[in-house]
Amino acid sequence: MGQNIFSKSALAWVNEVRVTKVVLDTSVFVSALLSKKKNSSPSEILMKWREGCFTLVISPQILYEITEKLVDLNIVEEDIAELLSLIAR
């Protein structure tokens with residue numbers, strides 16, 4: 001009665017592959033792009049995301065805000081496109 005259908009090893013596997021989901025503020029993207037230091041906190045956060053340490057959760061509104069802010073700061077269009085394509089992956 002009430003037998004557990006999951007083995008302990010299956011539950012351990014599920015816990016190991018669980019990935020943290022993170023929402024990043026626009027300022028993290030902007031600061032990372034503008035930073036001249038590759039070891040700045042915003043740059044390191046984006047590097048961890050690219051390495052798959054967490055899953056990025058992002059809304060269309062945040063994408064719009066990132067684009068709008070980078071355009072306002074006169075960031076080169078190719079750099080904006082590259083960042084947006086990274087996010088879209």
I need the [X] [atom1] to [Y] [atom2] distance, nearest 0.5 Å.
X: Leu24; Y: Leu46; atom1: CG; atom2: CG; result: 6.5 Å
X: Phe29; Y: Ile87; atom1: CZ; atom2: CD1; result: 4.0 Å
X: Tyr64; Y: Ile66; atom1: OH; atom2: CD1; result: 13.0 Å
X: Leu73; Y: Asp79; atom1: CG; atom2: CG; result: 12.5 Å
X: Leu34; Y: Lys69; atom1: CG; atom2: NZ; result: 9.5 Å
X: Thr26; Y: Leu63; atom1: OG1; atom2: CG; result: 9.0 Å

Check your understanding: Under 4.5 Å between any side-chain heavy atoms of Leu83 and Ile75, yes or no?
Key -> no

Exercise for review: Using the side chain to side chain donor-acceptor pair (under 3.5 Å) rule, collect all pairs that involve residues 53-62, keeping only residues at least two apart or in two chains.
Suggested key: Ser59-Gln61

**Study point:** All pairs passing side chain to side chain donor-acceptor pair (under 3.5 Å) where residues 37-46 contributes a residue, at least two apart
**Key:**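 The answer is Ser35-Ser40, Ser40-Ser43.
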
Review point. Is Val76 reachable from Val71 through a run of I, L, V, M, F, W or Y residues, each pair having side-chain heavy atoms under 4.5 Å apart?
Key: no

Review point. Are Met47 and Val57 connected in a single hydrophobic cluster, I mean Ile/Leu/Val/Met/Phe/Trp/Tyr linked by side-chain heavy atoms less than 4.5 Å apart?
Key: no

Exercise for review: Specify the closest pair of heavy atoms between Trp49 and Leu56, including all atoms of both residues, with the distance to one decimal.
Suggested key: NE1-CB, 3.2 Å

Review point. Counting only heavy atoms not in Glu51, do more than 12 sit closer than 6.0 Å to its CD atom?
Key: yes

